[in-house]
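Here is the structure we will look at, set down as structure tokens.
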Protein chains: 2
Amino acid sequence: MAKARTAAESRPNDPDETRSNILEVAAREFADKGLAGARIDEIAEKTNSSKRMIYYYFGGKDELYRAVLERSYSSIRAREAEADFESLPADQALRAQIEHSFDYHVQHPEFVRLVMNENIHHGAHIGHIEGLKDRNRSVIASLKAIIDKGVAAGQFRPVDPVDLHMSISALCFYNVSNRYTFASNFGVDMGAADTQARRRAQVVDIILAWVMN
Amino acid sequence: MAKARTAAESRPNDPDETRSNILEVAAREFADKGLAGARIDEIAEKTNSSKRMIYYYFGGKDELYRAVLERSYSSIRAREAEADFESLPADQALRAQIEHSFDYHVQHPEFVRLVMNENIHHGAHIGHIEGLKDRNRSVIASLKAIIDKGVAAGQFRPVDPVDLHMSISALCFYNVSNRYTFASNFGVDMGAADTQARRRAQVVDIILAWVMN
DNA sequence: CATAATGTACGAAACGGTTAGCATAATAGG
DNA sequence: CCTATTATGCTAACCGTTTCGTACATTATG
């Protein structure tokens with residue numbers, strides 16, 4: 001439903017606002033139903049704009065999906081970059097990093113779902129996102145710095161930073177990604193606040209137990 | 001494309017065979033493209049049967065999807081049930097259990113993908129599978145037995161079996177589920193045999209380090 | 001012949017995408 | 001200062017295809 005122009009604001013709408021409004025709605029829809037399951041018409045309807053505008057600004061469904069994916073990945077990597085725990089002792093830094101990652105996943109289930117989708121599509125679109133690899137490298141570098149410090153202090157074993165990232169990511173990701181099947185299979189509501197708090201501490205324990213001497 | 005009947009087998013085809021052939025093809029398609037992305041016509045084409053038969057035996061797309069999901073879950077739970085490590089010492093039993101789970105995920109990526117799909121759909125279909133909860137309970141019971149034995153022997157801390165299952169499952173699942181995005185982000189091919197072997201040992205290490213005293 | 005199994009062809013709706021054109025704002029020429 | 005021109009943001013209606021599902025006819029077998 002397009003917004004009618006009143007006499008008071010009979011100017012064209014703000015393009016940036018329209019774009020980001022579309023992206024926001026599309027992110028929800030794609031995360032919820034996947035690339036194939038999401039409907040352009042439905043996205044358009046939930047927008048303050050129209051279907052025509054989606055094609056005007058993004059070109060097509062796939063491009064819109066890609067734009068959504070990019071926005072989502074940019075967001076998490078930005079958050080990871082802004083967190084700087086390197087001044088802390090290694091164990092505290094690692095702990096903080098894990099908690100940070102855990103919280104991000106919990107707070108951004110739509111990111112988790114988009115990544116699931118992308119894996120279902122064999123990662124067909126993620127490769128096209130510019131600059132993502134650089135940001136990924138910096139995440140690994142940051143973890144490596146923590147490990148090195150811990151090893152130097154005699155606290156940590158020398159684990160591979162990519163392995164470490166994978167382990168942390170797996171535990172944080174699964175906690176959100178498999179929430180529904182896990183709930184159905186084992187009757188555990190992983191969305192509940194107390195369950196999450198418990199699991200959060202546990203994930204920290206698991207990783208620290210593995211890395212520490 | 002229906003299979004032409006040779007003179008030797010000019011009977012109507014075996015219904016069970018037709019059914020299971022459809023299920024097999026459908027599993028691949030749904031795993032690969034999701035419920036919304038898979039096409040009934042395409043599934044039919046890859047079958048030895050026809051679209052007509054899909055509706056004849058299963059009723060519709062959703063029902064077929066559900067049947068596929070059921071078959072897939074039944075398969076993993078059956079495999080888990082058949083593995084009996086309880087005669088081993090607790091640490092060896094747990095190790096074997098983890099390796100078993102890891103291998104199953106690696107060998108059945110289509111199961112992993114179906115579960116991802118199901119979570120994207122908020123677990124809308126999984127609840128309808130009969131008897132699944134019983135089998136799930138038995139998986140937990142088996143883990144609990146191992147933990148109890150380990151605790152009695154002074155080897156293990158008393159961890160919750162559901163928590164343990166979740167941790168094992170997360171590490172094994174992610175290894176397969178996020179293969180593509182992880183490859184794109186970090187240049188690691190988790191499908192390679194040596195990478196997998198390394199990761200397998202690592203997952204065992206992580207869990208044991210957490211559980212053992 | 002009755003019944004289970006199957007092939008063919010088609011309908012209706014959904015869906016991605018496009019065509020045609022309008023309104024406003026900015027800008028350039030007289 | 002005033003008009004002509006152009007670029008931008010936008011709407012509404014439409015189009016061709018895909019896709020799920022079905023109606024109807026037919027075949028094989030007990």
Side-chain angles (χ1 to χ4, degrees), chain A residues 1-26 28-30 32-69 117 121 124-125, chain B residues 1-23 25-26 28-30 32-68 117 121 124-125:
Chain A
M1 201 185 320
K3 172 184 270 180
R5 291 190 196 144
T6 66
E9 46 140 6
S10 62
R11 295 167 303 97
N13 296 328
D14 182 358
D16 286 348
E17 201 178 303
T18 303
R19 275 186 61 104
S20 77
N21 173 237
I22 290 172
L23 279 174
E24 209 172 293
V25 173
R28 273 200 298 272
E29 289 293 305
F30 282 131
D32 226 50
K33 298 167 194 171
L35 171 53
R39 301 287 164 236
I40 290 279
D41 286 293
E42 205 173 331
I43 293 172
E45 226 170 68
K46 295 182 179 174
T47 293
N48 294 329
S49 185
S50 67
K51 178 156 79 152
R52 182 67 185 79
M53 286 299 94
I54 293 174
Y55 286 91
Y56 184 67
Y57 283 120
F58 297 97
K61 195 187 191 183
D62 283 12
E63 286 96 326
L64 176 60
Y65 173 77
R66 207 170 280 177
V68 163
L69 197 66
N117 257 292
H121 295 300
H125 303 90
Chain B
M1 199 187 321
K3 171 183 269 178
R5 296 199 190 134
T6 65
E9 46 142 5
S10 63
R11 297 168 299 100
N13 296 330
D14 181 359
D16 285 349
E17 200 178 305
T18 302
R19 275 183 62 102
S20 79
N21 174 236
I22 290 172
L23 280 174
V25 173
R28 274 201 297 275
E29 289 292 307
F30 283 131
D32 225 50
K33 298 166 193 173
L35 172 55
R39 300 286 164 239
I40 289 280
D41 287 291
E42 205 173 330
I43 293 172
E45 227 171 66
K46 295 182 180 174
T47 293
N48 293 331
S49 183
S50 68
K51 179 159 75 154
R52 181 68 185 76
M53 285 300 94
I54 293 175
Y55 285 92
Y56 185 67
Y57 283 122
F58 296 98
K61 195 187 191 183
D62 283 13
E63 286 96 327
L64 177 59
Y65 172 78
R66 206 169 281 178
V68 163
N117 257 292
H121 295 301
H125 303 90

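Each chain gets a letter, A, B and so on, in the order its sequence line appears, and its residues count up from 1.
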Would you kindly give the [atom1]-to-[atom2] distance between [X] and [N], to the nearest whole Å?
{"X": "A:R19", "N": "D:dG9", "atom1": "CZ", "atom2": "P", "answer": "10 Å"}
{"X": "B:N48", "N": "C:dA5", "atom1": "CG", "atom2": "C1'", "answer": "15 Å"}
{"X": "A:Y55", "N": "D:dA13", "atom1": "OH", "atom2": "P", "answer": "18 Å"}
{"X": "B:E45", "N": "D:dC20", "atom1": "CD", "atom2": "P", "answer": "12 Å"}
{"X": "B:M53", "N": "C:dT6", "atom1": "CE", "atom2": "P", "answer": "5 Å"}
{"X": "B:E63", "N": "D:dG21", "atom1": "CD", "atom2": "P", "answer": "8 Å"}
{"X": "A:D41", "N": "D:dT18", "atom1": "CG", "atom2": "C1'", "answer": "14 Å"}
{"X": "B:E42", "N": "D:dT17", "atom1": "CD", "atom2": "P", "answer": "19 Å"}

May I have the step-by-step check of side-chain contact (heavy atoms from CB on, under 4.5 Å) for B:Y57 and B:T18, ending in yes or no? CA-CA 9 Å; B:Y57 283 122; B:T18 302; 3.7 Å; yes
So what does [X] hit on the nucleic acid, given a heavy-atom distance under 4.0 Å: a base, only sugar-phosphate, or nothing?
{"X": "A:Y57", "answer": "sugar-phosphate"}
{"X": "B:R39", "answer": "sugar-phosphate"}
{"X": "B:A36", "answer": "nothing"}

List the atom of B:A44, the atom of B:K51, and the distance in Å for their closest heavy-atom pair.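 That would be CB-N, 3.4 Å.
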So, is A:Y56 near the phosphate of D:dG9, with a side-chain N or O under 4.0 Å from OP1 or OP2?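 The answer is yes; a side-chain N or O of A:Y56 sits under 4.0 Å from OP1 or OP2.
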Check the phosphate of D:dT11 against A:S50, side-chain N and O only, distance under 4.0 Å to OP1 or OP2. Yes or no? yes
Between A:R39 and A:E45, is the salt bridge (charged side-chain N to carboxylate O under 4.0 Å, His left out) condition met? List the steps. CA-CA 10 Å; A:R39 301 287 164 236; A:E45 226 170 68; over 6 Å; no
Audit row: A:L35, A:F30, side-chain contact (heavy atoms from CB on, under 4.5 Å) steps and yes/no: CA-CA 6 Å; A:L35 171 53; A:F30 282 131; 3.9 Å; yes
Any N or O donor-acceptor pair linking the side chain of B:K51 to the base of D:dG21 at under 3.5 Å? yes
Stepwise side-chain contact (heavy atoms from CB on, under 4.5 Å) test for B:V25 and B:N48: CA-CA 9 Å; B:V25 173; B:N48 293 331; over 6 Å; no
